[in-house]
Amino acid sequence: MDDIGPAGVPEVVRRYVRSLARYERLLDISRLLSATLNLDTLLEQIVRAAADLTGTEAASILLTARMGTLRFEASVDPDGVLFDPVEVAMDESIAGWVVTHGEPLLIADVRQEPRWQTLAAEHPRVRVQNMLAVPMRTQDKIIGCLEAVNKQADQAFTDEDVNTLTTLAAQAAIAVENVRLFEQSDLISEFVHELRTPLAAIKAIMGIVERPDVEGEQRGRMVNLIQEETARLTRMTNEFLSLARLESGRTRLRRLPVDVTELLDDAADTAEQQAVEEGIHLLREYEPVLPPVIVLGDDERLKQVVLNLLTNAIKYNSPAGDVRLRRAVGDGMVRVEVEDTGPGIHPADLKHIFDKFYRVPETEAYTQGTGLGLAISRRIVEGHGGSIGVESTPGSGTTFWFSLPLAWGGGKTT
Ligand code: ADP
């Protein structure tokens, strides 16, 4: 005889109704996931769905990153969604075990599981008591792991939880792969198109070098040209990969305190040599600020942005020109400016300046470039919740700027 619940409905019926509601919800979520084409939005939907469907306090998604590691892509807990790309070793983590074995793992009581030493570090914002982790499987591989942490109201995970989370993880895996493919397809076709120019140049030069009537000195010049074009191909490939990783979400930005003054000095020190070689004066003009200007971010990527703006300002400057690196603070933001005294950029070009592979036609003749640096910079700045822009007066110079939210809204201009 089944138990009769408080409403007079047999427990078996109530359970059936509950699981039906859960499958309907799962179906809705699958539709939502397959319609999402932005990776961060998708990751957030996945972790929210995982916590919601299993009735847990928190949930996380980890995807395979570099060889032998998994990276936390997104987590949700009562404090909200967190994108903190901590990496864990495959052979030391629960997620790693799940990915390697391709099976779900249910930990009913963490205190009984001393082998998972890294648990607390993996979930810093919740006290893990129990956990269900399932593999994220696409047709031919396992791309990560979905974890549901702390079943609410002191309940235990059920078989139904395992089934539901496994189904969700499979849908999520396909959705993640789709977004990655979507983001890459556009970029790859543009890249292949851009490769044609240096490849055609190399082919043409090779044709000339091969001719018997080409003299030694001329031949030397041709070989130099081939070297230059090959260097351009290499740079384009590296920058393309950097952009592709950012766009596909494979490069996750760190969120650590970064001292902006140190960052600017570091980038300026690196650019100084090039400035000296080109006879350009690089001037640092920081508004005095107390206390230190701190943003939360990825120091390496942010340095890449500053360095790109500085090298552009040096490359596209007038002889013996100036480059001014400025920093100002206000309204909870820090603003960095790189001003040059170069030829400036025409308004028609200004509109496209942050587009991938865009180069101002006149500059192509006298400096080498790929047209990817500014596209990468924009991705990085926007990935930090900031904005980037440019102002230019043709004939007198250009100012590129970007602004980022301060870590704790502090720092007043004195
Ligand atoms: P790259 O410098 O490798 O071509 P970027 O994306 O950094 O790629 O820049 C795109 C284009 O914008 C450059 O090719 C150049 O035509 C123009 N540009 C960038 N910075 C400046 C500047 N400070 N002054 C004038 N033109 C610039």
Side-chain angles (χ1 to χ4, degrees), residues 186-187 190-191 193-198 201 228-247 264 267-268 270-272 274-275 277-285 301-326 335-383 386-402:
D186 239 21
L187 193 61
E190 269 185 86
F191 177 59
H193 182 78
E194 292 299 319
L195 284 181
R196 287 187 189 167
T197 316
E228 273 175 27
E229 289 299 326
T230 318
R232 187 147 91 106
L233 275 175
T234 310
R235 217 171 30 243
M236 262 173 79
T237 310
N238 290 338
E239 290 185 6
F240 168 78
L241 285 176
S242 170
L243 185 62
R245 285 201 191 99
L246 280 163
E247 295 211 336
L264 297 186
T270 311
E272 191 71 58
Q274 191 190 351
E277 277 167 18
E278 310 242 350
I280 303 288
H281 310 281
L282 178 52
L283 309 158
R284 304 172 199 200
E285 299 179 350
R301 304 282 157 217
L302 290 174
K303 183 179 168 189
Q304 191 181 348
V305 173
V306 182
L307 206 51
N308 180 44
L309 299 184
L310 286 175
T311 45
N312 277 354
I314 295 166
K315 271 197 308 191
Y316 307 109
N317 212 320
S318 317
D322 293 337
V323 172
R324 292 189 161 76
L325 176 61
R326 299 209 177 87
R335 180 180 162 105
V336 174
E337 284 183 4
V338 177
E339 186 187 301
D340 65 56
T341 52
I345 303 167
H346 198 270
D349 295 311
L350 219 47
K351 281 205 292 254
H352 301 287
I353 210 79
F354 290 100
D355 292 352
K356 281 172 255 184
F357 300 111
Y358 189 81
R359 304 199 67 210
V360 175
E362 299 87 71
T363 56
E364 292 210 51
Y366 69 90
T367 38
Q368 288 228 337
T370 60
L372 285 173
L374 289 174
I376 293 174
S377 300
R378 179 163 72 172
R379 269 266 160 191
I380 295 173
V381 170
E382 290 179 354
S387 43
I388 187 165
V390 56
E391 279 133 35
S392 183
T393 314
S396 62
T398 305
T399 303
F400 278 92
W401 60 265
F402 66 89

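Both counts, for ligands and for their atoms, begin at 1 and track the order of listing. The figures here come from the full heavy-atom set of this structure, side chains too, leaving out hydrogens, waters and symmetry mates.
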Checklist entry - Of all the atoms in ligand 1, which lie at a distance below 4.0 Å from a heavy atom belonging to I345? => result 25 (C), 26 (N), 27 (C)

Checklist entry - Would you say D340 and ligand 1 have an N/O pair spaced under 3.5 Å apart? => result yes

Next on the checklist: Under 4.0 Å, counting heavy atoms only: does K315 come that close to any atom of ligand 1?
Outcome noted: yes

Checklist entry - With a 4.0 Å cut-off, would you call E339 and R326 a salt bridge? => result yes

Item to check | contact_flag G371 ligand 1 heavy-atom lt 4.0 Å | outcome: yes

Next on the checklist: Considering both backbone and side-chain atoms of A375, is one of its nitrogen or oxygen atoms within less than 3.5 Å of a nitrogen or oxygen in ligand 1?
Outcome noted: no

Next on the checklist: I need the atoms of ligand 1 closer than 4.0 Å to a non-hydrogen atom of V360, numbered in the order shown.
Outcome noted: 16 (O), 17 (C)

Checklist entry - What heavy-atom pair brings D322 and T341 nearest, and what distance separates the two atoms? => result N-OG1, 2.9 Å

Checklist entry - Quick one: are F400 and I345 in side-chain contact, heavy atoms under 4.5 Å? => result yes

Next on the checklist: Once you measure the plane-to-plane angle for Y358 and H352, does it fall in the parallel (<30°), tilted (30-60°) or perpendicular (>60°) bin?
Outcome noted: tilted

Checklist entry - With no hydrogens and no angle check, do the side chains of S377 and N308 hold a donor and an acceptor under 3.5 Å apart? => result yes

Checklist entry - In ligand 1, which numbered atoms sit nearer than 4.0 Å to a non-hydrogen atom of L372? => result 6 (O), 8 (O)

Next on the checklist: Go through it in stages, so that I can follow the logic: the residues are R232 and E194, the test is salt bridge (Lys or Arg N to Asp or Glu O under 4.0 Å), and I'd like the CA-CA distance, side-chain angles, deciding distance and then a yes or no.
Outcome noted: CA-CA 11 Å; R232 187 147 91 106; E194 292 299 319; over 6 Å; no

Checklist entry - Taking the minimum heavy-atom distance to atom 5 (P) of ligand 1, which of L374, D355, L310 ranks first? => result L374

Checklist entry - When you measure from atom 21 (C) of ligand 1 to each heavy atom in Y316, F354, Y358, which option holds the nearest one? => result Y316

Checklist entry - Should you measure from each heavy atom of T398, which atoms of ligand 1 turn up under 4.0 Å away? => result 24 (N)

Checklist entry - What atoms of ligand 1 come within less than 4.0 Å of a heavy atom belonging to T370? => result 1 (P), 3 (O), 4 (O)

Checklist entry - Is the shortest heavy-atom distance from the side chain of L310 to the side chain of Q274 under 4.5 Å? => result no

Checklist entry - Where's the contact between N308 and ligand 1, heavy-atom distance under 4.0 Å: side chain, backbone, both or neither? => result side chain

Item to check | Heavy-atom side-chain proximity of L309 to W401 below 4.5 angstrom | outcome: no

Checklist entry - For ligand 1, which atoms have a heavy atom of I353 less than 4.0 angstrom away? => result 12 (O), 17 (C)

Item to check | Minimum heavy-atom distance between L243 and R379, given as atom pair plus value | outcome: CD1-CG, 4.0 Å

